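What you see is a predicted model; the values in this text were computed from it and never measured. Each chain gets a letter, A, B and so on, in the order the sequences are listed, and its residues count up from 1.
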Amino acid sequence: MSLGLPDLTCPVTEVAPGLLGCLLGVRAEDGWAVLRITEVEAYGGDGDPASHAYKGVTPRNQVMFGPAGHLYVYRSHGIHWCANVVTGREGEASAVLLRAGEVVEGSDVARQRRGERPKPRDLARGPGNLARALGINADHDGADLLGQGAVRLEPPATAVGGIERGPRVGISRAADRPWRWWLGGEPSVSAYRKAVRRVRTAT
DNA sequence: TGGGAGATCAGA
DNA sequence: CTGATCTCCCAC
């Protein structure tokens with residue numbers, strides 16, 4: 001049960017569960033929407049082979065090495081955008097992947113961005129869908145979450161409880177680490193899937 | 001409810 | 001060539 005925002009400079013495995021229930025507001029070109037975070041994953045920290053920062057700084061992951069409280073956005077599978085909250089001390093890359101949430105404001109805009117197909121609970125289910133529902137893209141990479149900018153992170157509106165924990169989704173390395181946390185009973189939480197290596201393309 | 005395949009591209 | 005994914009389609 002947390003009240004305010006967690007201290008983002010703490011170790012990522014402590015910060016991650018503290019982000020559950022927090023609110024993330026995003027202003028994009030086509031509108032403003034707010035989301036209640038219901039599922040997260042920790043990356044980085046001490047030698048995490050599943051982290052984008054595992055092999056050091058690159059143009060893509062440089063935001064992860066910066067100060068806590070900024071948004072790290074990357075392109076996934078050439079199709080989706082995924083958003084992370086950078087944590088820890090400057091220089092030591094670590095971040096919390098936002099995997100799912102419940103849209104609490106601007107659901108009309110979110111619906112417009114996601115299309116008619118998905119059910120209400122699927123609006124921001126899964127990291128790619130979450131980013132799309134909020135209108136997050138490369139423009140938001142590096143955004144300061146604690147100021148009055150386009151992306152803002154705010155404390156939970158109500159007490160948070162019922163936190164559950166388990167292995168991360170869709171990764172092949174260090175797949176056994178229980179670095180995913182979610183709010184039990186929340187319909188927006190991703191279904192667990194093991195990582196599957198693609199076999200090959202014919203010919 | 002869950003497994004399998006395709007889409008599509010940036011990173012190393 | 002692989003991947004911190006999603007959606008559609010099919011079997012059970």
Side-chain angles (χ1 to χ4, degrees), chain A residues 11-13 15-17 19-20 24 35 37-65 70-88 92-103 110-142 165-182 185-203:
Chain A
V12 68
T13 51
V15 178
L19 287 175
L20 293 172
L24 184 71
L35 175 82
I37 300 170
T38 59
E39 183 187 6
V40 297
E41 274 178 3
Y43 283 91
D46 232 341
D48 177 7
S51 169
H52 286 173
Y54 186 52
K55 294 177 180 173
V57 193
T58 68
R60 175 175 69 161
N61 68 23
Q62 59 176 349
V63 173
M64 285 184 77
F65 289 83
H70 289 252
L71 198 68
Y72 164 48
V73 180
Y74 70 93
R75 180 85 103 166
S76 173
H77 289 255
I79 307 172
H80 306 98
W81 295 105
C82 292
N84 303 247
V85 173
V86 174
T87 68
E92 55 172 44
S94 59
V96 176
L97 171 68
L98 304 178
R99 291 199 58 89
E102 172 198 4
V103 177
R111 166 63 60 190
Q112 198 173 324
R113 299 195 271 233
R114 293 278 286 117
E116 296 301 321
R117 324 289 304 192
K119 304 172 204 167
R121 72 171 204 185
D122 292 332
L123 263 189
R125 188 187 205 207
N129 291 332
L130 181 151
R132 188 169 172 195
L134 289 178
I136 290 175
N137 57 46
D139 294 340
H140 299 101
D141 188 35
R165 179 180 190 177
R168 295 180 286 187
V169 172
I171 58 170
S172 55
R173 287 173 292 187
D176 53 319
R177 297 191 190 185
W179 282 11
R180 178 168 64 113
W181 291 264
W182 65 92
E186 275 293 331
S188 60
V189 173
S190 316
Y192 176 70
R193 286 210 180 181
K194 277 194 303 186
V196 284
R197 267 194 201 181
R198 208 167 62 179
V199 189
R200 76 148 155 169
T201 21
T203 82

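- Rounding to whole angstrom units, CD1 of residue A/Ile79 and P of B/dA7 are separated by 10 Å.
- The CG-P distance, from A/Leu123 to C/dC6, rounds to 13 Å in whole Å.
- Checking C/dT5, C/dA4, B/dA12 against the side-chain heavy atoms of A/Ser76 singles out C/dT5 as nearest.
- In a base pair of the Watson-Crick type (N1 to N3 plus N6-O4 or O6-N4) or a G-U wobble (N1-O2 and O6-N3), with each distance short of 3.5 Å, B/dT1 is matched with C/dA11.
- For B/dC9, neither phosphate oxygen OP1 nor OP2 lies less than 4.0 angstrom from any side-chain nitrogen or oxygen of A/His77.
- Atom CZ in A/Arg177 sits roughly 14 Å away from atom P in C/dA4 (whole-Å rounding).
- Taking the side chain of A/Asn84 as heavy atoms from C-beta on, and the options C/dT7, C/dA4, C/dT5, the nearest nucleotide is C/dA4.
- Considering only the side chain of A/Arg117, C/dC8 comes nearest among C/dA4, C/dC8, C/dT5.
- Nucleotide C/dT5 holds its C1' atom 12 Å from the CZ atom of A/Arg75, rounded to whole Å.
- Of the candidates B/dA7, C/dG3, C/dT5, C/dG3 carries the atom nearest the A/Ser172 side chain, counting heavy atoms from C-beta on.
- Not a single donor-acceptor contact under 3.5 angstrom links the side-chain atoms of A/Tyr74 to the base of B/dA10.
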Run the numbers on A/Arg111 and A/Glu116 for side-chain contact (heavy atoms from CB on, under 4.5 Å), then give the verdict.
-> CA-CA 7 Å; A/Arg111 166 63 60 190; A/Glu116 296 301 321; 4.1 Å; yes
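- Among the nucleotides B/dA12, B/dA7, C/dA4, the one closest to any side-chain atom of A/Lys55 is B/dA12.
- Considering A/Arg99, A/Arg165, A/Arg125 as possible partners of A/Glu39, the one that fulfils the salt bridge (Lys or Arg N to Asp or Glu O under 4.0 Å) test is A/Arg99.
- Among the heavy atoms of the strands lying under 4.0 Å from A/Arg60 are primed sugar atoms or P, OP1, OP2 only; no base atom is included.
- In summary, of the residues considered (A/Thr13, A/Asn84, A/Thr87), a side chain to side chain donor-acceptor pair (under 3.5 Å) with A/Ser94 occurs for A/Thr87 alone.
- Taking atom CG on A/Asn61 and atom P on B/dA12, their separation rounds to 7 Å, with Å as the unit.
- Rounding to whole angstrom units, CZ of residue A/Arg180 and P of C/dA4 are separated by 15 Å.
- For A/Leu130 and C/dT7, the CG to P distance is 12 Å, given to the nearest whole Å.
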Give the intermediate values and the outcome of side-chain contact (heavy atoms from CB on, under 4.5 Å) for residues A/Trp81 and A/His140.
-> CA-CA 10 Å; A/Trp81 295 105; A/His140 299 101; over 6 Å; no
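- One finds no salt bridge joining A/Glu41 and A/Arg168 here, because no Lys/Arg side-chain nitrogen approaches an Asp/Glu carboxylate oxygen to under 4.0 Å.
- Counting non-hydrogen atoms under 4.0 angstrom, A/Asn129 reaches the backbone sugars and phosphates but no base.
- Counting to the nearest Å, the C1' atom of C/dT5 and the CD atom of A/Glu41 are 12 Å from each other.
- Among the atoms of the strands shown, none is found under 4.0 Å from any heavy atom of A/Arg132.
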